[in-house]
**Student:** 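Sharing a structure with you now.
Below, all heavy atoms of this structure are taken into account, side chains as well, without hydrogens, waters or symmetry copies. In this chain, numbering begins with 1 at the start of the sequence shown. Indexing begins at 1, ligand by ligand and atom by atom, following the structure's order.
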Amino acid sequence: MTARTAARITASVYTSHVPAIGAALDLGKTQEPYWQPVFAGYEYSKQWLRDNPPDVIFLIYNDHATAFSLDLIPTFAIGTGPEFMPADEGWGPRPVPKVVGHPELASHIAQSVIQDDFDLTIVNRMDVDHGLTVPLSLMCGQPPQSKFEWPCPVIPFAVNVVQYPAPSGQRCFNLGRAIRKAVESYDEPLKVQIWGTGGMSHQLQGPRAGLINRDWDNRFLDRLIGEPAALARVPHIEYVREAGSEGIELVMWLIARGAMSDTAPVLKHRFYHVPASNTAVGHMILENT
Ligand code: DHB
Ligand code: FE
């Protein structure tokens with residue numbers, strides 16, 4: 001047998017990105033009664049990440065009119081730069097480390113995925129908002145001042161779910177498959193984790209502001225585990241109707257799920273909690289066998 005030389009996707013992580021979670025962390029409120037149950041759901045995950053350290057995290061998130069405004073709206077944007085700074089979202093940048101990228105792997109994925117007919121925008125410079133920094137904080141905790149850095153390089157992958165039209169679940173799922181193929185053709189034995197972030201049900205605007213749909217969310221989690229190809233066919237209007245206008249963020253989870261092997265994954269952790277700010281927090285870890 002020859003030694004394995006290509007990169008591979010070892011696991012996928014799914015999590016909400018609620019900005020108020022970042023504020024709770026930064027202001028030392030994690031043990032307050034409101035927040036304690038939210039952070040308790042990530043205790044297992046922080047240990048799991050320490051026990052299963054990836055070489056690179058491919059992090060799918062959405063920008064909230066921070067790096068991209070109505071001036072320029074890429075459907076899919078891959079960060080190929082060497083580093084990305086935490087954005088100032090109105091209260092100054094979060095006190096978290098800068099994100100170190102992996103330009104070589106990111107460029108390889110861009111090459112492979114674009115040749116596979118997905119139009120990616122290549123971004124060498126951008127700031128990253130709570131969509132990316134809150135999932136990192138939840139999974140990694142706050143890095144100590146003595147070693148103020150995230151545990152590994154991160155490739156940011158931004159998806160437009162803010163300004164219509166957003167990409168369909170089917171396209172996101174197929175994109176995940178193309179990303180898997182790209183990673184598996186990278187000629188270095190890197191362990192890559194793919195994270196799908198955002199969600200779950202929430203609506204921040206209009207008469208239905210505050211909408212939460214526990215049943216629909218939990219059914220989404222069930223189907224993400226057991227029948228992702230069928231889940232991918234759910235049309236965007238069902239997300240909006242059932243999970244609220246911001247529930248459409250969940251299509252990003254289908255990119256991460258599509259990047260997993262076709263064989264059944266191992267469910268390592270599943271967590272669901274209401275409320276956290278205006279959303280239902282959902283979180284899951286799946287490992288490839
Ligand atoms: C909230 C949730 C989000 O996903 C977001 O981007 C902004 C705010 C909220 O729960 O308030
Ligand atoms: Fe959001």
Side-chain angles (χ1 to χ4, degrees), residues 13-27 29-30 32 34-39 41-42 59-70 73-77 79 84 86-94 96 99 126-139 156-167 169 172 195-214 216-217 220-221 236 239-240 242-256 271-284:
V13 172
Y14 308 84
T15 181
S16 305
H17 65 213
V18 191
I21 289 178
L25 274 159
D26 300 341
L27 300 171
K29 294 184 176 175
T30 59
E32 288 188 357
Y34 181 85
W35 289 112
Q36 198 278 335
V38 175
F39 291 103
Y42 289 82
L59 203 158
I60 301 148
Y61 73 109
N62 69 292
D63 177 80
H64 300 78
T66 301
F68 308 117
S69 68
L70 291 180
I73 309 169
T75 301
F76 301 117
F84 307 92
D88 184 338
E89 301 180 56
W91 293 270
R94 291 192 56 218
V96 291
V99 171
M126 68 175 166
D127 291 346
V128 286
D129 71 12
H130 65 271
L132 184 132
T133 63
V134 167
L136 279 174
S137 292
L138 280 168
M139 291 297 296
F157 190 90
V159 180
N160 168 43
V161 286
V162 169
Q163 181 63 31
Y164 274 84
C172 288
W195 294 12
T197 69
M200 295 198 78
S201 57
H202 62 306
Q203 170 139 353
L204 302 176
Q205 55 199 311
R208 295 202 308 164
L211 178 144
I212 302 283
N213 188 340
R214 276 176 194 267
W216 193 90
D217 284 342
F220 183 92
L221 292 173
H236 88 274
Y239 290 85
V240 178
E242 300 292 334
S245 52
E246 277 65 45
I248 190 67
E249 290 182 349
L250 281 169
V251 293
M252 296 186 288
W253 294 28
L254 283 164
I255 301 178
F271 174 66
Y272 184 77
H273 176 80
V274 178
S277 188
N278 299 294
T279 87
V281 165
H283 170 44
M284 199 154 73

**Student:** Ignoring hydrogens and geometry beyond distance, is a side-chain donor-acceptor pair present between E89 and H64 at under 3.5 Å?
**Tutor:** no
**Student:** Would you please indicate if the ring centroids of W216 and Y239 are separated by under 6.0 Å?
**Tutor:** yes
**Student:** If you define the side chain from C-beta out and look only at heavy atoms, does anything of Y14 sit under 4.5 Å from L221?
**Tutor:** no
**Student:** Are there any protein N/O/S atoms under 2.8 Å from the Fe ion (ligand 2), and if so, which?
**Tutor:** H17 NE2, H64 NE2, E249 OE2
**Student:** Taking only heavy atoms of the protein into account, state which residues are under 4.0 angstrom from an atom of ligand 1, in chain and number order.
**Tutor:** H17, V18, P19, H64, H130, H202, L204, E249, S277, N278, T279
**Student:** How far does CD1 of I21 sit from CH2 of W35, to the nearest 0.5 angstrom?
**Tutor:** 5.5 Å
**Student:** Can you check whether N160 reaches F68 side chain to side chain, under 4.5 Å on heavy atoms?
**Tutor:** no
**Student:** Give me the ring orientation class for F271 and H273: parallel if the planes are under 30° apart, tilted from 30 to 60°, perpendicular past 60°.
**Tutor:** parallel
**Student:** Would you indicate whether the side-chain heavy atoms of E242 and F220 approach each other to under 4.5 Å?
**Tutor:** no
**Student:** Can you tell me which residue among T279, D217, N213 is in a side chain to side chain contact (heavy atoms under 4.5 Å, CB included) with H202?
**Tutor:** T279
**Student:** Which label fits H283 and Y42: parallel for a plane angle under 30°, tilted from 30 to 60°, or perpendicular past 60°?
**Tutor:** parallel
